[in-house]
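Take a look at the structure below.
Values below: all heavy atoms of this structure, side chains included; hydrogens, waters and symmetry mates excluded. A, B, ... follow the sequence lines: proteins, then strands. Residue 1 opens every chain.
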Amino acid sequence: MSQVKATMTEQPATGAYSPKDVEAKWTGYWFENDMFATRVDPDRPNFSCALPPPNITGNLHMGHALNGTIQDMLTRWKRMQGYNVLWQPGTDHAGIATQMVVERELKKQVPPISRHQLGREEFIKRCWVWREEYGNNILNQYKRLGVSFAWDRLQFTMDPDYVKAIYRAFVILFDEGKIYRGNRVTNWCPRCLTSVSDLEVEHEETKGSLYEIKYPFSKEDGGTGDAGGPGVVVATTRPESMFGDVAVAVNPKDDRHKNIVGKKVVLPLTDRVLPVIGDQYVETEFGTGALKVTPAHDANDWEIGQRHKLPSPVVIDKHGKMFANEFVPTQFQGQERFAARKLVVEELKEKGFLVEVKDYTHGVAYCERCHTVIEPYLSEQWYLQMSELAQPAIEVVEKNQVQFIPERYASTYLDWMRNVRDWNISRQLWWGHRIPIWTCENGHVKAYEQTPSQCRQCSSTKLEQDPDVLDTWFSSALWPFATLGWPEKTPLLKTFYPTTILSTAREIINLWVSRMIFTGVKFVGTIPFKHVLIHPVIQTKDGKRMSKSKGNAVDPLDMIEKYGADANRFWFATVGVKGDQDVRFHEDKLDEYKKFANKLWNAGKLVLDKLKDYEVQSIDLSKCTLPDRWILHRYTRLLESLQDQLQNYDFTEAAQGLYEFAWDYFCDWYLEIAKQELANSDGKSGQQTQNVLYYVFEGLLRALHPIMPFITEEMWEKLPHAEFMVDLESIMFAPYPRAHAGYLDEQAEQKMELIIKTIRAIRNIRQTFNVDRKAEAEVLIEVSDKSELETLSKARSYIASDNNARVNPLTIEAKVTAPKMAATAVVSSATIFVPLGKLIDVEKTGGKLNEQREAVLKEVNKLAQMLDNPDFRKRAPADKVAAQQEALREVKSRLETIDAQLKLLQG
RNA sequence: GGGCAGUUGGCGCAGUUGGUAGCGCACCACUUUGACAUAGUGGGGGUCACUGGUUCGAAUCCAGUACUGCCCACCA
């Protein structure tokens with residue numbers, strides 16, 4: 001490993017933190033020195049996760065960035081905890097998407113070329129060229145986020161070893177008879193010219209029309225066979241498909257129609273005669289209660305056609321144009337389907353068959369990739385039989401071997417798997433894994449892992465490979481183990497499989513997660529991951545889905561540019577995985593966390609300044625000041641919670657805890673006091689304060705590192721280090737800080753709380769009465785409780801200091817002579833008097849006191865009422881009653897103090 | 001049609017086993033003292049969507065209603 005240590009980045013003297021250079025520098029340092037390379041020490045525990053492979057055509061979006069941050073936080077945290085970590089990165093060849101991009105490029109050429117002109121082989125070559133050029137773009141974008149994935153183990157779903165895994169899996173399934181050829185209606189994209197799965201189809205509410213068309217009874221069934229005579233009215237949204245009709249179906253229970261079952265009707269605009277059949281599928285409530293049956297162009301009609309053994313004439317071709325065959329009247333042949341619809345409707349109207357047209361909004365299926373309206377299309381496809389494969393995959397989730405987080409998503413998965421249908425795994429594309437099925441001249445259909453030279457059954461050398469490629473999800477289904485070398489029993493597979501977690505978006509639970517689970521169980525014999533983290537979807541600030549085409553998508557790279565990667569990551573951490581299922585994006589949040597980074601930066605500057613020439617040494621608790629012990633206590637509590645929170649994937653709380661600790665406790669209170677301590681001290685107590693300052697700040701950086709890797713690395717490098725960390729090349733290899741119970745100190749906590757409240761009360765009075773900030777104020781504090789008196793007496797220098805309440809002279813006694821013209825506040829057993837002399841505004845003081853009195857009185861009444869209720873005293877647990885009684889006593893005494901002060905004021 | 005979320009001050013959210021509503025941003029006022037004005041200090045602001053129930057007591061438990069959003073599903 002190269003030992004070129006990055007040098008410190010010069011920051012502008014203004015005090016503001018500028019993330020840009022810092023981030024570029026450390027990204028370079030980490031990646032150039034292979035810091036994230038996989039290292040395996042058999043004595044250490046293992047942590048692994050696989051990055052959901054982005055499409056090579058993809059660009060980093062908010063979802064990627066959130067997901068990347070979640071995985072990186074865990075990976076960095078585990079690395080710091082001494083685990084062997086593998087965060088497996090890589091990309092997906094993305095069949096349709098890549099093919100579309102390359103086709104689009106070809107179209108831009110002069111003259112434009114189609115892929116068919118190029119031919120399959122040449123086209124695939126172009127795809128490879130494209131992939132070499134741009135295929136890792138998105139991973140490089142990921143780097144900007146500070147991700148620590150194993151760059152040395154980059155995988156691609158078309159790498160030779162990966163392809164080997166795919167064909168091994170395919171052949172196993174094929175030889176078990178689970179892969180079969182089926183001829184049925186599937187979703188077809190007339191633009192991509194391929195079948196797509198149900199999951200690759202988007203349904204959108206679209207305004208359209210419901211056409212009611214009269215199908216007249218034939219002459220032998222009492223009709224005239226034309227529009228003028230009696231008939232049955234069917235309702236359809238797709239009149240152009242009528243030429244493929246083979247029947248009219250009604251519900252046999254429908255009183256209006258049941259007597260016409262068995263009759264014949266004439267298909268309008270043609271001479272064809274169709275039977276009226278009875279089928280339960282027909283909804284009596286919908287439309288006219290009569291349904292035209294078009295088996296080749298509607299999945300439901302296909303089912304009906306199968307039940308009634310009806311033919312299935314095809315009238316729309318794969319391009320979405322009306323077929324030129326005997327079923328389609330010549331005037332419509334070759335017309336595009338939507339143009340044909342218009343023409344058909346016109347002619348129906350003209351000839352009197354069109355009964356009514358109603359506005360109708362319904363879900364229309366669109367191709368997820370190109371937004372073309374999907375055409376249900378009768379075609380031959382390869383299917384994977386799912387029922388047997390699903391069973392064990394259902395069990396591992398039912399038995400909690402694979403656990404969804406949040407839990408509710410387990411039912412999304414289970415509902416899908418329990419009703420799973422056979423999987424159409426073939427696609428009519430060129431870019432992808434060609435289906436490894438060869439058919440010989442004698443019709444023997446076999447699957448081969450490698451291109452065969454002869455038929456396995458008859459040794460014929462005349463073989464032809466299936467032209468289709470596999471659904472892209474077939475290859476990504478194998479991701480968790482194919483990336484680790486399966487089917488070989490590699491050491492990596494042994495070490496890192498099953499992976500620890502999988503983190504992804506809920507929209508691909510069925511598409512991807514379910515398939516990894518069943519393939520993992522099937523091929524490796526074990527679950528692919530223990531925990532599935534499903535993160536929220538990031539929406540626009542008004543709750544809309546972000547989409548590139550709508551132009552409302554926020555580009556995370558822009559946000560990183562503007563606010564820094566650490567600020568973005570911090571926001572992603574607060575989003576976490578355990579909260580709502582959707583999160584709206586508000587840019588102010590990034591600004592807030594940018595300010596947090598700035599705050600840390602400036603705190604770091606102060607700490608460094610106070611630790612000039614500091615040599616690390618251990619803390620001597622017995623010599624520590626109260627604030628020292630207090631911050632150690634708070635810090636220890638923070639670490640305890642962090643351990644729990646990160647363990648439970650509670651990133652939201654972990655981030656909030658760190659934010660609160662760093663800003664409120666450390667910066668606002670401890671640093672203010674420590675600053676003063678170090679300025680005043682004679683060097684004895686100051687030494688311990690330095691130790692504590694170092695201990696807490698250095699630890700805080702490590703604690704923050706998984707969330708904010710850049711700024712913590714930058715500052716950590718500048719700090720001196722304890723011996724065991726001196727040689728580390730990066731904070732990422734330093735141990736995650738652990739809580740030491742010895743630093744817990746509840747007493748210090750209570751004492752500091754009293755002091756803080758006291759300081760706040762004095763500040764409140766000062767501001768309420770407009771005491772000049774620069775002026776010192778006289779303060780008298782009467783403390784009835786003995787230990788509180790001691791605490792406050794010992795803390796007098798903190799209370800009096802310019803940073804805090806700026807008091808002089810300060811009197812703290814068990815009993816003081818209450819000054820007449822004074823503002824008053826009560827904190828616990830302490831009554832604070834600030835004599836204001838001429839400054840005092842009797843009216844204002846009285847008003848303020850009366851306000852307080854009212855608030856306190858309200859509490860008194862509420863508590864008294866509760867305690868007066870005999871039911872409460874009878875039924876509430878004794879400790880609760882006692883607690884309320886105690887609360888009442890406390891509130892009453894505050895009321896008395898206020899009353900006394902009011903009396904004095906009115907004097 | 002089925003399922004899942006959410007509804008708490010202007011905005012974004014916390015509120016574990018029911019016991020006097022918290023935080024951040026924004027807002028108002030004051031302050032440029034050597035970590036930070038991307039700051040400090042103080043302050044104002046909420047009948048916890050609605051209805052009913054359980055309970056001595058409900059933001060919290062139960063039932064229902066209303067909106068908002070997501071997922072799944074073969075109503076033409």
Worked verdict on A/Arg634 versus A/Glu660 for salt bridge (Lys or Arg N to Asp or Glu O under 4.0 Å): CA-CA 11 Å; A/Arg634 296 251 47 133; A/Glu660 187 187 35; over 6 Å; no

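- Of the candidates B/A76, B/C74, B/U38, B/C74 carries the atom nearest the A/Arg421 side chain, counting heavy atoms from C-beta on.
- A/Arg763 comes within contact range of the sugar-phosphate backbone alone, with a heavy-atom separation under 4.0 Å but no base atom that close.
- Ranked by how close their nearest RNA chain B nucleotide is to the 5' end, A/Lys880 and A/Lys594 are led by A/Lys880.
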Test log, rule ring-ring contact (aromatic ring centres under 6.0 Å, His included), inputs A/Tyr659 and A/Phe596: CA-CA 8 Å; A/Tyr659 187 97; A/Phe596 179 58; 4.7 Å; yes

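- Straight-line distance between the C1' atoms of B/A14 and B/G52: roughly 28 Å, to the nearest whole Å.
- There is no side-chain donor-acceptor pair under 3.5 Å between A/Asn552 and A/Thr540.
- For A/Glu283, the listed nucleotide lying nearest its side chain is B/A76; candidates were B/A76, B/G43, B/C70.
- A residue-by-residue look at A/Thr236 and A/His203 shows that A/His203 has its nearest nucleotide of RNA chain B further toward the 5' end.
- Which of B/G24, B/A39, B/C56 sits closest to the side chain of A/Glu592 comes down to B/G24.
- A donor and an acceptor atom sit less than 3.5 Å apart, one in the side chain of A/Lys599 and one in the base of B/C36.
- Comparing atom distances between the A/Lys862 side chain and each of B/U38, B/A21, B/A35 picks out B/A21 as nearest.
- At a threshold of 4.0 angstrom between heavy atoms, the contacts of A/Val607 with the nucleic acid are absent.
- Comparing B/C74, B/U20, B/C13 against the side chain of A/Tyr281 picks out B/C74 as the nearest.
- Here the P atom of nucleotide B/A37 and the NZ atom of A/Lys605 are 8 Å apart, to the nearest Å.
- Among the heavy atoms of the strands, none lies under 4.0 Å from A/Arg873.
- Within the nucleic acid shown, A/Trp416 comes within 4.0 Å of sugar-phosphate atoms alone, with no base atom in reach, counting heavy atoms only.
- Nucleotides B/A63 and B/C70, compared at atom P, are 26 Å apart to the nearest Å.
- Side-chain N/O atoms of A/Asn598 and A/Lys595 include no donor and acceptor closer than 3.5 Å.
- Taking the side chain of A/Asp668 as heavy atoms from C-beta on, and the options B/G43, B/G40, B/C74, the nearest nucleotide is B/G40.
- One C1' atom belongs to B/A59, the other to B/G1, and the distance between them is 33 Å to the nearest Å.
- Spacing between B/C4 and B/G46 at atom P, rounded to whole Å, works out to 36 Å.
- Within a 6.0 Å sphere centred on CG of A/Asp359, other residues, nucleotides and ligands contribute 12 heavy atoms or fewer.
- Side-chain contact, A/Thr689 with A/Lys610: no donor N or O sits under 3.5 Å from an acceptor N or O.
- Across all strands shown, A/Pro870 has no heavy atoms under 4.0 Å from either base or sugar-phosphate atoms.
- Here the side chain of A/Gln656 is nearest to one of B/C4, B/G19, B/C13, namely B/C13.
- The side chain of A/Ala16 lies closest to B/U38 when the candidates are B/C25, B/U38, B/A35.
- The P atoms of B/U20 and B/U65 are separated by 32 Å, rounded to the nearest whole Å.
- Taking the C1' atom of each, B/G22 and B/U8 are spaced 10 Å apart, rounded to whole Å.
- Counting to the nearest Å, the P atom of B/A76 and the CE atom of A/Met242 are 19 Å from each other.
- With both ends at atom C1', the span from B/G18 to B/C61 equals 8 Å, rounded to whole Å.
- At a cut-off of 3.5 angstrom, counting only N and O atoms as typed in the model, there is a donor on one side and an acceptor on the other between the side-chain of A/Lys675 and the base of B/A35.
- A/Arg760 comes within 4.0 angstrom of sugar-phosphate atoms only, judged by non-hydrogen atoms across all strands, and of no base.
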Dot-bracket line, read 5' to 3' along RNA chain B, where crossing pairs take [ ] and | marks a partner on another strand, Watson-Crick or G-U under 3.5 Å: (((((((..((((.....[..)))).(((((.......))))).....(((((..]....))))))))))))....

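- Side-chain atoms of A/Glu672 and base atoms of B/A35 include a donor and an acceptor less than 3.5 Å apart.
- Listed candidates were B/G12, B/U20, B/A35. Nearest to the side chain of A/Arg584 is B/G12.
- Judged by the 6.0 Å and 45° rule, A/Arg515 forms a cation-pi pair with A/Trp423.
- For A/Gln767, counting side-chain heavy atoms from C-beta on, the closest listed nucleotide (B/U41, B/C70, B/U38) is B/U41.
- When the C1' atom is used for both B/G45 and B/C27, the distance is 9 Å, rounded to whole Å.
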